[in-house]
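The structure appears right after this line, and notes come after that.
In what follows, every chain begins at residue 1, and chains take the letters A, B, ... in the order their sequences are listed. Because the structure is predicted, anything quoted here is derived from the model rather than measured.
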Amino acid sequence: MEGNGTFFKLFLFGMEVNDALVENLAKLARLQFNEAEKEIIKHDLQRMIHFVDKLNELDTAGVEPLLHMSDNVNVLRDDKVKGSVSREEAVKNAPGTDGTFFKVPKVIRKNEA
Amino acid sequence: MFSQSRHEDLFTYQSITHYHADLLSGATTCVAAVQHYLKNIDQKRHLNAYLQVYDVEALQLAAKLDAQRAAGKPLGKLHGVVIALKDVICYKDHPVSAASKILGNFTSIYSATAVERLLAEEAIIIGNTNCDEFAMGSTNENSAHGSVLNAIDESRVPGGSSGGAAVAVQAALCMVSLGSDTGGSVRQPADFCGIVGLKPTYGRISRFGLIAYASSFDQIGIFANNVPDVARTLETIAGPDEFDSTVATEEVPAYSAAIDSKPTSLRIAYFKEALESPALDEEIRTNIFGLIDKLRADGHTVEAVDFEYLDYIVPTYYVLTTAEASSNLSRFDGVKYGYRTPDVEKKDLSLTDFYKTSRSDGFGWEVKRRIMLGTFVLSAGYYDAYFTKAQQVRQLLVEKTNMVFNQFDALILPTAPTTAFQLGEKMDDPIAMYLADIFTVFSNLTGIPGISIPLFWHSNGMPYGLQIMTNRFRELYLLQLSQQWMLQYRFAG
């Protein structure tokens, strides 16, 4: 019964997007939404997922998924050091740098030990 | 097109070939050309097509080229050709932002391969142009730098995502421009603006230095006023590149030299469901059927082909491109480059919260929406049902394409279901916006080349195009056909 109910719901209305799903996706995507935004993204995701749920109508049993657009196989080059950027160029656009390294907030904290 | 100013701007532009003839005869100079475009750009600033204009260096390079020519140096293929870049294409020591706050202060530390090749053939890069943020959009309204206006009717959008690059050519603000096309972002704005827009075969042009949206879809595309200019630009920038292993080793033909050879009687297909779609504007439908009658009268075979996947191509496109985007855009973390949330120390943010805050403040809403959908289709429990499923549909579409081109030389479709929208018209409804790409995403899903050529004018006063597609790496044929049809069937309006 439970399974059928879920199937029926999925089939008719598509995935239900709830707070837990939005929060999990935001965590995975390293994004955050305030309460008001959360309602909007929930609504938007619901609509977008419903839209792409249309693919379920197609029978793709036995079809190999297409993984590569290019016919190239094993494009090799000589193992020579080249094409790298200098340290000055590499940190040029960094929002926080000491000129040698990128700076980030403290990763290991005393109070979390 | 523009009224003469008091400063004796006598420069007129027709094509690269004419321009080069005028340069060689002394009728004009590269400096005069650059001055002409700088004046136009200044007069049309309100269109918001350009984000940066490199006036001083463009004039310097123009003067240098004029001197070289005077000294008898042979002309590069794009000698003095004034070119604009979409704000997703890197040009060393120049800003590039993908029209996003997250790359607000970014300066390229290298040039895209396409740009290197333009410069090697003596092109003059005059500036970079506005677009939808990270090339996500069909109207150029999703830009951190504001909307771009369509120069034919300023209450309308130019299309997107390469809207600024399209308007730069449309409004005579440059000769040629480069855009990028992931689902129609060159062909659709070309259609809305009444110019030519080519998306080449996947793997024809290096993507090195093109800011990634969806790597298995993205291609650099070309906007111009005419097909020969597109051909000449394509042969300059196409071909293998050691920095992009997805570029085909397939030989690059001399497109521009062969452009005038006329294809004889052809077998042409159109998708029945597309031309019969209720979403298609009645007048566009009538005129394309009218063109089909003319093609038949001129000895071509034109046949309807069943395309049972029409309703599935945009959903497939959104599953796959958002998945690729969610992965590609993970590089924007506020560490190596780009926007970083202020007061990190003061707020005592953990590393994860630092990432989240920087990314959430830096990306616009449409980008976040697509990252979220992409994360969903790739997440545990949904991967097979959405991502693998869409890859299977993509396989079916490629098989369908192979079948079509086994029997036909070319496939024609409308470029877009309507002419250019009013500004703001599609902003509230993501699905309506996504469906605007219904006729263009097919070629990105299957990797085939597509072009929009401005054959028609609508009774609402707007231009629109015909989209032509051929099999992979048949650009020569596609361009010959386009050139021929532009001469033969372009409606004067």
Measuring heavy-atom distances to chain A, does [X] have an atom under 4.5 Å in its side chain, in its backbone, in both, or in neither?
X	answer
B:A390	both
B:L349	backbone
B:I313	neither
B:F354	side chain

Considering all heavy atoms of both residues, which atom of [X] and which atom of [Y] are nearest to each other, and what is their separation?
X	Y	answer
B:F363	A:L31	CD1-CD2, 4.2 Å
B:G334	A:P95	O-CG, 3.3 Å
A:V52	B:P315	CG1-O, 3.7 Å
B:V377	B:A323	CG2-CB, 3.8 Å
B:I205	B:A238	CG1-CA, 4.1 Å

For a 4.5 angstrom cut-off between non-hydrogen side-chain atoms, does [X] reach [Y]?
X	Y	value
B:M136	B:L329	yes
A:L28	B:F376	no
B:I102	B:F134	yes

Where does [X] contact chain B at under 4.5 Å (heavy atoms): side chain, backbone, both or neither?
X	result
A:V75	side chain
A:L76	neither
A:I41	both
A:V22	both

What residues, two or more places apart in sequence or in another chain, satisfy ring-ring contact (aromatic ring centres under 6.0 Å, His included) together with A:F102?
none
Tabulate, with distances rounded to 0.1 Å, every donor-acceptor pair spanning chain B and chain A at under 3.5 Å.
from: A:A29; atom 1: O; to: B:R359; atom 2: NE; distance (Å): 3.2
from: A:A29; atom 1: O; to: B:R359; atom 2: NH2; distance (Å): 3.0
from: A:R30; atom 1: O; to: B:R359; atom 2: NE; distance (Å): 3.1
from: A:Q32; atom 1: N; to: B:S360; atom 2: OG; distance (Å): 2.7
from: A:Q32; atom 1: O; to: B:S360; atom 2: OG; distance (Å): 3.3
from: A:D44; atom 1: OD2; to: B:W365; atom 2: NE1; distance (Å): 3.0
from: A:D44; atom 1: OD2; to: B:R369; atom 2: NH1; distance (Å): 2.9
from: A:R47; atom 1: NH1; to: B:D429; atom 2: OD1; distance (Å): 3.2
from: A:R47; atom 1: NH2; to: B:D429; atom 2: OD1; distance (Å): 3.1
from: A:D53; atom 1: OD1; to: B:Y386; atom 2: OH; distance (Å): 2.5
from: A:E57; atom 1: OE1; to: B:Y312; atom 2: OH; distance (Å): 2.6
from: A:L58; atom 1: O; to: B:K389; atom 2: NZ; distance (Å): 2.6
from: A:T60; atom 1: O; to: B:Q392; atom 2: NE2; distance (Å): 3.3
from: A:T60; atom 1: OG1; to: B:K389; atom 2: NZ; distance (Å): 3.1
from: A:T60; atom 1: OG1; to: B:Q392; atom 2: OE1; distance (Å): 3.0
from: A:V63; atom 1: O; to: B:Q392; atom 2: NE2; distance (Å): 2.9
from: A:L66; atom 1: N; to: B:Q391; atom 2: O; distance (Å): 3.0
from: A:M69; atom 1: O; to: B:R472; atom 2: NH2; distance (Å): 3.3
from: A:D71; atom 1: OD2; to: B:R472; atom 2: NH1; distance (Å): 3.2
from: A:N72; atom 1: ND2; to: B:S245; atom 2: O; distance (Å): 2.8
from: A:N72; atom 1: ND2; to: B:V247; atom 2: O; distance (Å): 3.0
from: A:K82; atom 1: NZ; to: B:E242; atom 2: OE1; distance (Å): 2.9
from: A:E89; atom 1: OE2; to: B:K92; atom 2: NZ; distance (Å): 3.1
from: A:N93; atom 1: OD1; to: B:T107; atom 2: N; distance (Å): 2.8
from: A:N93; atom 1: ND2; to: B:T107; atom 2: O; distance (Å): 2.8
from: A:K103; atom 1: O; to: B:R340; atom 2: NH1; distance (Å): 3.1
from: A:K103; atom 1: O; to: B:R340; atom 2: NH2; distance (Å): 2.5
from: A:R109; atom 1: NH1; to: B:D348; atom 2: OD1; distance (Å): 3.0
from: A:R109; atom 1: NH1; to: B:D348; atom 2: OD2; distance (Å): 3.3
from: A:R109; atom 1: NH2; to: B:L349; atom 2: O; distance (Å): 2.6

